Amino acid sequence: MNDSPLQVLTLPTSPYPDQRPGTNGLKKKTHVFQSIKNYLHNFIQCIFSSIDLRDRQGSTMVVGGDGRYFNSTAIQVIVQMAAANGVGRVVIGQKGIMSTPAVSCVIRKIKAIGGIILTASHNPGGPDGDFGIKFNTANGGPAPEAVTNQIFQLSRTIEEFAICPELRVDLGTIGKQSFDLENKFKPFTVEIVDPVESYANSLRNIFDFAVLKELLSADNHIQIRLDAMHGVTGPYVKKILCEELGSPANSAINCVPLENFGGRHPDPNLIYASELAETMKSGQYDFGAAFDGDGDRNMILGKHGFFVNPSDSVAVLAANIFCIPYFQHTGVRGFARSMPTSAALDMVARATKIQLYETPTGWRFFGSLMDAGRLSLCGEESFGTGSDYIREKDGLWAALAWLSILAVRRQSVEDIMTDHWRTYGRNYYTRFDYEEVGLDAAVEMMLDLELMISDRAFNGQVFTVGEKKYQVEAADNFEYSDPVDGTISRNQGLRIIFKGGSRIIFRLSGTESYGATVRLYIDSYEKDINKLFQDPQVVLAELVTIALQLSKIHERTGRKGPTVIT
């Protein structure tokens, strides 16, 4: 306990016009938060101001980050402002490290009022990289749109912020630190915790660790390769997979969190996790997984580099859901996927007669369904998978879910996937990302596309490419009515649906720190058993041609091709 009370100050500031949080919080180049006067302080104050003062007083908040550059500095500011804004206790992961799923887990376990996560997800880190701030509410999930809109409105009129500038926290030592503040009857408390333990306890109650330990360390154990990409998941992989479940220490790579992720792009796909993909091609390993910067995304690979498309991954988990003990106890309430995700999960839902929900992109839409007891398992095409034990997607959970299926079925990843296609059919799927394109050009292209597909004459139109014909069955700008509270979310992506179920989707992504990202998604269902094992890019070539002709995306954006193809 410090000897003299620390001073609480209210300091003047001026608003910034660009602090609208996206689906994953506010992301900007690091120097924006670091160098622009009060930019960080303004946004943090608006988060606190969005919480009713009566709820805020004496409350508990969780703070953690993915370890990227500026993480520790920002945490010190957040703690200083939490104390000045009446929060009674802040729980922080040691060294400021805590994965996004772990923050969600801890919020729910200790019944915190919410949490602040410092991450730009899968974006690069470092002084020239990106930084982000995300607010999760008391359910452990991303703040709903009503809250993020409130934060944005507050950011446009903010005139002052409260801070306790002399308060300094030791982030490296586990335990409690107490501080006396001016005009406060109770001390302000900071608790530094092991970032892994509470989360690991939850996983022990979900999976059969004895079965997994036998799979990974018994005499005939499988060989695995896990790549944490120098993000926050590294300590979790080491402690849970290696130390507890017995996987050899050298099965986990890039497990030390680095401020710049080792100069890499911490995005678990075949482009940015190419080191893992190349290693898996050797045939030495039976199972591979990579995780992104903040630990909520995953990529699954099988022997010889067999790639599991994320849309297929959630479908396989759904079809084998009772291989996971948690669902044996809770049952299955529903499945959900984001609209751009392939319809592979729909086929499982139809066969099992389990309710399926199609939502906009953004995990908060799943959280609403989970809170209402309607949803057990969900996924997004952007390498996100999760269940209702928390309110975030969870990369390590997904890897353990796959390992649980391998343990029960005693088959390879590839055999499980091909058996799935034979049973349910295959959704050939690809995504083209056009990153950092001019915002005006991207918006104008989307508006012109919407005008085109909204014309009555567009429905029924036939497109011929080579010998194939595709007839438009429906086209719209996707709109979602939340079945729980009736909230309507409009303008969630342009859909062109053809007879037979093939889809072309265009969407502007809101997760980049500058510029715009246009995403093009192609989804085509095939049930002919003789056509299940073709190259997706070959199968989908005709639909890609139609999409490029309709959008003229290369001409409109000045790009010769996509930045990333998944």
Side-chain angles (χ1 to χ4, degrees), residues 309 311 337-344 346 358 360-361 380-382 427-480 489-512 515-526 534-566:
N309 186 289
S311 298
R337 62 167 175 83
S338 64
M339 181 273 288
T341 302
S342 93
D346 305 38
E358 182 181 32
T361 296
E380 294 183 333
E381 48 72 35
S382 53
N427 280 79
Y428 284 101
Y429 185 83
T430 191
R431 183 182 99 185
F432 289 9
D433 291 357
Y434 295 83
E435 297 177 336
E436 297 178 7
V437 301
L439 181 60
D440 291 344
V443 170
E444 187 177 350
M445 185 197 78
M446 293 293 286
L447 289 173
D448 287 348
L449 265 173
E450 183 172 9
L451 192 64
M452 179 194 302
I453 69 172
S454 300
D455 191 317
R456 287 185 180 180
F458 191 75
N459 270 10
Q461 191 168 334
V462 177
F463 293 89
T464 302
V465 182
E467 297 180 358
K468 287 193 175 182
K469 294 181 183 296
Y470 296 89
Q471 185 173 11
V472 176
E473 187 172 68
D476 64 6
N477 191 335
F478 181 59
E479 181 176 294
Y480 177 70
S489 300
R490 297 183 171 89
N491 302 314
Q492 296 299 316
L494 304 180
R495 302 188 297 177
I496 303 169
I497 304 169
F498 299 95
K499 286 187 176 180
S502 295
R503 299 184 302 159
I504 294 173
I505 297 162
F506 295 91
R507 193 174 72 86
L508 270 180
S509 170
T511 63
E512 305 311 317
T517 294
V518 179
R519 302 198 196 278
L520 164 63
Y521 312 84
I522 310 288
D523 179 19
S524 184
Y525 180 67
E526 180 59 69
Q534 302 176 71
D535 182 340
Q537 298 304 326
V538 174
V539 172
L540 300 173
E542 290 89 355
L543 286 166
V544 170
T545 298
I546 294 169
L548 297 180
Q549 288 174 347
L550 287 172
S551 65
K552 295 182 170 54
I553 190 168
H554 294 165
E555 296 89 335
R556 301 290 292 266
T557 65
R559 295 296 176 84
K560 294 180 179 179
T563 316
V564 178
I565 299 176
T566 304

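The shown structure was predicted, so the numbers you read here are calculated from the model rather than taken from an experiment.
- In this structure, Y434 and H554 have tilted ring planes: the angle between them lies in the 30° to 60° band.
- For T430 and Q537, the side-chain atoms include at least one donor-acceptor pair closer than 3.5 Å.
- Taking each heavy atom of S338 and P360 in turn, the nearest pair found is CB-O, 4.1 Å.
- Using a 4.0 Å cut-off between charged side-chain N and carboxylate O, R503 and E381 make no salt bridge.
- Side chains of F432 and I553 form no contact here, defined as non-hydrogen atoms less than 4.5 Å apart.
- A salt bridge links R556 to D448: one of the charged nitrogens lies within less than 4.0 Å of a carboxylate oxygen.
- Taking OG of S551 as the reference point, atom CZ of F506 lies at 4.0 Å (rounded to 0.5 Å).
- The aromatic rings of Y429 and Y521 sit tilted, their planes meeting at an angle between 30° and 60°.
- Proximity of a side-chain donor or acceptor of Y428 to a complementary backbone N or O of Q534 within less than 3.5 Å is detected.
- The one candidate from E479, E358, E450 that meets the salt bridge (charged side-chain N to carboxylate O under 4.0 Å, His left out) condition with R495 is E358.
- The pair R337-E380 fails the salt-bridge criterion, with no side-chain N (NZ, NE, NH1 or NH2) lying under 4.0 Å from an Asp/Glu carboxylate O.
- Contact detail for A442 and A516: the closest heavy-atom pair is CB-CB, 4.1 Å.
- Remark: side-chain polar atoms of D523 are not paired, donor with acceptor, to backbone N or O of I504 under 3.5 angstrom.
- The closest donor-acceptor contact from the side chain of R490 to the backbone of Q492 lies at 3.5 Å or more, if one exists at all.
- For D440, the CG atom counts as loosely surrounded, since its 6.0 Å shell holds 12 or fewer non-hydrogen atoms of other residues, nucleotides or ligands.
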